[in-house]
A.B. asks: 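Once you've had a glance at the structure underneath, I'll fire off some questions.
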Protein chains: 2
Amino acid sequence: MLHVASSAQAEQLLKDVFGHARTPEIEIPASQALGHVLRRDIYATEDVPGFTRSSVDGYAVQAKDTFGCSDSIPALLNLIGEVEMGAPAPFSIQAGQCAYVPTGGELPVGSDAMVMIEHTEAYDAGTIGMLKPTAPGAHCIFRGDDVQAGQLVLEAGCRLRAHDIGALAAMGIPNVMVAKQPLVGVLSTGDEVITPDQTPTAGQIRDVNGPLLCASAQQAGGKAAFYGICPDDPKRLTDTLKKMADECDIVLLSGGTSVGAKDATPRVIEELGKLHMHGIAIKPGKPTILGEISGKPIFGMPGHPAAAYFIFRIFVAPLIDSLMGIKERPEPTFKAMLNQAIPSNHGREECVAVQLKQSEDGLIATPIMGKSGLITLLSQADGYLRVPRNQEGLPKGAQVEIIPFTNS
Amino acid sequence: MLHVASSAQAEQLLKDVFGHARTPEIEIPASQALGHVLRRDIYATEDVPGFTRSSVDGYAVQAKDTFGCSDSIPALLNLIGEVEMGAPAPFSIQAGQCAYVPTGGELPVGSDAMVMIEHTEAYDAGTIGMLKPTAPGAHCIFRGDDVQAGQLVLEAGCRLRAHDIGALAAMGIPNVMVAKQPLVGVLSTGDEVITPDQTPTAGQIRDVNGPLLCASAQQAGGKAAFYGICPDDPKRLTDTLKKMADECDIVLLSGGTSVGAKDATPRVIEELGKLHMHGIAIKPGKPTILGEISGKPIFGMPGHPAAAYFIFRIFVAPLIDSLMGIKERPEPTFKAMLNQAIPSNHGREECVAVQLKQSEDGLIATPIMGKSGLITLLSQADGYLRVPRNQEGLPKGAQVEIIPFTNS
């Protein structure tokens with residue numbers, strides 16, 4: 001029998017054993033890469049924009065020709081032509097000349113600034129009066145202003161967001177190498193477990209962890225494969241786990257809260273591979289098992305759904321990130337004030353779900369107390385906090401750090 | 001010509017005109033509903049759990065039979081049987097009796113508490129000694145502890161998270177009514193605009209807003225339909241917009257920064273429907289247009305990608321939420337300290353992208369200054385802040401509220 005480990009030991013073990021494992025990289029169109037994890041650094045291969053553009057409708061000039069001009073003493077410049085949108089500027093500007101350029105049009109060679117059309121007056125077809133001086137560079141977006149060839153724009157390990165998709169388009173990058181999404185295999189076990197669409201008779205319970213863990217895997221950026229409900233039968237459990245370890249990147253096994261099942265799961269894992277840990281000092285979630293089969297991580301998840309949920313967030317989600325090559329995932333947190341005490345946790349780290357309310361003094365957190373198996377309670381919560389194992393509970397009024405429940 | 005409106009006026013207008021519009025509701029399996037928006041309240045139709053269960057391996061007893069017992073004076077009870085997992089308890093407990101119940105098994109009628117097996121000793125096949133007293137309700141999960149029939153568990157307008165999927169399974173709800181995801185039609189315009197995979201010659205630019213706005217629509221929970229790049233031709237623009245308004249829930253039109261195009265877009269919208277607003281006092285994003293065609297909202301997005309991104313987040317994303325029936329979406333924010341001043345914004349609200357760093361004193365925000373069209377700069381940023389229009393910039397050291405960029 002292995003000793004109950006702290007959650008820090010479990011996190012370290014996962015890093016040590018699986019921290020270097022990665023899913024393969026695959027090439028996909030940049031336009032479909034939202035939410036995927038980049039596997040290689042992206043450098044700009046050209047200047048963006050590729051030419052110096054006007055950001056206003058007006059006249060391209062040599063700025064010095066406008067110095068000192070005003071409404072009463074306009075600078076008169078010779079209009080030599082008009083730049084068309086989408087076409088190169090077909091002439092260059094000399095001293096004393098100007099050319100019309102629309103917003104987004106190319107500045108002709110020789111010009112170094114724009115005068116907005118509102119600050120000009122046309123005297124005749126060939127002469128434009130500038131009524132305000134302009135400075136070199138004014139109203140221009142220079143070649144390479146956005147990004148210069150060779151510059152690092154997106155780093156390997158980032159999860160692509162909508163504006164990153166925009167940046168890839170701006171650089172003309174059609175395809176990107178991203179991480180294949182880890183396949184998370186989920187197996188529910190137990191003679192008493194029935195599918196959610198069945199009506200339980202006394203003694204039976206619906207499979208909650210199957211749908212819960214599949215949805216959690218998707219929410220964390222992976223893909224889920226549900227292997228159904230396995231009765232308490234070591235032979236069938238052995239065969240199914242072997243198959244799952246072959247086909248999946250992570251194996252989650254849940255249920256097995258009866259004595260027979262509790263004994264069977266670690267034994268089967270030991271037979272097929274290696275049992276790393278049995279029991280984590282965290283509440284809820286103590287009966288968690290951590291092992292590997294064929295080099296793949298396998299978790300014996302606690303049978304109680306809320307416990308399974310927290311164990312997933314704390315140990316499985318970071319592993320999904322790591323398999324995809326995300327460098328780190330500091331879960332964003334909020335500061336809030338506890339409006340009631342949380343009693344001592346007897347030497348076990350504790351996850352406590354809370355409801356959040358905005359008040360004049362900031363966020364107020366109300367702990368949702370309940371037995372650890374109660375999944376519907378979590379639906380009333382906005383996030384949770386972790387009470388360290390060496391802390392004697394938390395007093396009313398304490399400032400706490402809340403990890404929000406992911407919204408989508 | 002319409003006056004430039006404040007962003008608050010634009011938000012109010014969107015609420016007034018489109019605030020009651022909803023996409024149809026559709027029925028989908030609960031197991032596939034992650035991220036979808038619930039359209040009807042979910043009440044529990046039965047008690048969960050449906051029977052009173054043990055949360056330990058041990059003996060079901062009448063608690064009063066154990067009062068006063070100890071290691072040295074055990075309470076001797078008659079063992080009348082064993083409850084099997086997944087089956088109803090086939091007998092009841094009288095005073096002086098006990099029955100073995102595994103974790104998750106049903107408590108027999110008449111029993112009101114469990115004694116953990118560790119606190120018992122078997123004397124012979126028919127007698128078990130209880131070595132520690134137990135209290136009524138100890139180690140039991142009662143029928144309805146998680147949720148009681150008739151209780152409101154999930155409210156219409158919530159976006160379903162992984163643990164909500166678990167709650168639906170626990171209640172045995174196979175299908176849910178959710179909002180059809182709004183279809184966001186995206187059209188890029190401009191003679192100078194080419195597809196991202198083409199190499200621009202001088203004067204041409206790649207279409208950034210097309211991929212950017214499609215990805216933004218998906219990130220916000222909608223679906224995107226890209227209608228390609230339309231040249232500056234009012235007839236084709238008219239035909240395409242009419243088609244888009246017929247097929248989509250929201251129409252986004254971007255580009256058209258040249259004078260001709262700038263005039264054409266509002267004119268076409270007025271011909272086909274109604275032009276509500278032309279120009280919003282927000283930086284970047286001033287040239288934004290707001291109208292409707294066939295009752296569908298249409299946005300003339302600013303041509304500069306970073307501006308288009310902010311306008312999307314501030315005006316389009318909340319509209320997608322509203323069409324799905326999400327009641328409110330308070331964007332989660334972080335407090336941070338500015339490490340450099342942000343200059344005055346000349347009476348326009350301003351969106352400023354920032355990089356965040358954790359320090360001992362909390363989060364530090366560094367503004368990313370750059371011209372408004374520069375999309376790759378956004379990829380360096382972690383979030384943004386909004387400087388109100390009536391504020392004269394922000395001093396170094398100011399505490400600011402940062403809206404994080406969505407991570408996926």
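Naming convention: chains lettered A, B, ... in sequence-line order (proteins, then strands); numbering from 1 in each chain.
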A.B. asks: Does any backbone or side-chain atom of A:Gln198 lie under 4.5 Å from a heavy atom of chain B? Answer side chain, backbone, both or neither.
C.D. replies: neither
A.B. asks: Below 4.5 Å, heavy-atom pairs only: which of A:Leu378, A:Thr195, A:Asp197 has the largest tally toward chain B?
C.D. replies: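 That would be A:Leu378.
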A.B. asks: Check whether A:Ala170 gets within reach of chain B through its side chain, its backbone, both or neither, counting any heavy atom under 4.5 Å.
C.D. replies: both
A.B. asks: Is A:Leu154 in contact with chain B via its backbone, its side chain, both, or neither, using a 4.5 Å heavy-atom distance?
C.D. replies: side chain
A.B. asks: Do you know which of B:Leu212, B:Val147, B:Thr52, B:Leu168 has the most heavy-atom pairs with chain A at a distance under 4.5 angstrom?
C.D. replies: B:Leu212
A.B. asks: Who among A:Ile205, A:Asp191, A:Asp207 has the most heavy-atom pairs with chain B under 4.5 Å?
C.D. replies: A:Ile205
A.B. asks: Taking C-beta and beyond as the side chain, do A:Pro211 and A:Pro196 meet within less than 4.5 Å on heavy atoms?
C.D. replies: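 A:Pro211 vs A:Pro196: side chains touch.
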A.B. asks: At a heavy-atom separation under 4.5 Å, does A:Asn209 approach chain B through its side chain, its backbone, both, or neither?
C.D. replies: neither
A.B. asks: For the residue pair B:Leu38 and B:Val176, establish whether any side-chain heavy-atom pair is separated by less than 4.5 Å.
C.D. replies: yes
A.B. asks: Is the shortest side-chain heavy-atom distance between A:Arg159 and A:His36 below 4.5 Å?
C.D. replies: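 The answer is no, as the side chains (C-beta and beyond) never meet within the 4.5 Å cut-off.
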A.B. asks: Measuring heavy-atom distances to chain B, does A:Pro49 have an atom under 4.5 Å in its side chain, in its backbone, in both, or in neither?
C.D. replies: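 For A:Pro49, no heavy atom lies under 4.5 Å from chain B.
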A.B. asks: Would you mind checking which part of B:Gln151 comes under 4.5 Å of any heavy atom in chain A, side chain (CB onward), backbone (N, CA, C, O), both or neither?
C.D. replies: neither
A.B. asks: Flag the one option from A:Glu106, A:Gln358, A:Lys335 with the top tally of heavy-atom pairs under 4.5 Å to chain B.
C.D. replies: A:Glu106
A.B. asks: About how many Å separate CZ of B:Arg53 and OG1 of B:Thr103, when rounded to the nearest 0.5 Å?
C.D. replies: 9.0 Å
A.B. asks: Can you tell which of B:Ala30, B:Gly50, B:Ala87, B:Ala33 has the highest number of heavy-atom pairs within less than 4.5 Å of chain A?
C.D. replies: B:Ala87
A.B. asks: Under a 4.5 Å cut-off applied to non-hydrogen side-chain atoms, are A:Leu107 and A:Phe142 in contact?
C.D. replies: no
A.B. asks: Only counting residues at least two apart or in another chain, list the ones meeting salt bridge (charged side-chain N to carboxylate O under 4.0 Å, His left out) with B:Glu82.
C.D. replies: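 Residues passing salt bridge (charged side-chain N to carboxylate O under 4.0 Å, His left out) with B:Glu82: none at all.
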A.B. asks: Is A:Ala217 close to chain B through its backbone or its side chain, or both, or neither, when contacts mean heavy atoms under 4.5 Å?
C.D. replies: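 Contact with chain B involves no heavy atom of A:Ala217 at all.
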A.B. asks: Quick one, B:Arg206 and B:Pro200 - any side-chain contact, counting heavy atoms below 4.5 Å?
C.D. replies: yes
A.B. asks: Does B:Tyr309 have its ring centroid less than 6.0 Å away from the ring centroid of B:Tyr384?
C.D. replies: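 No, they do not, as the ring centres are separated by 6.0 Å or more.
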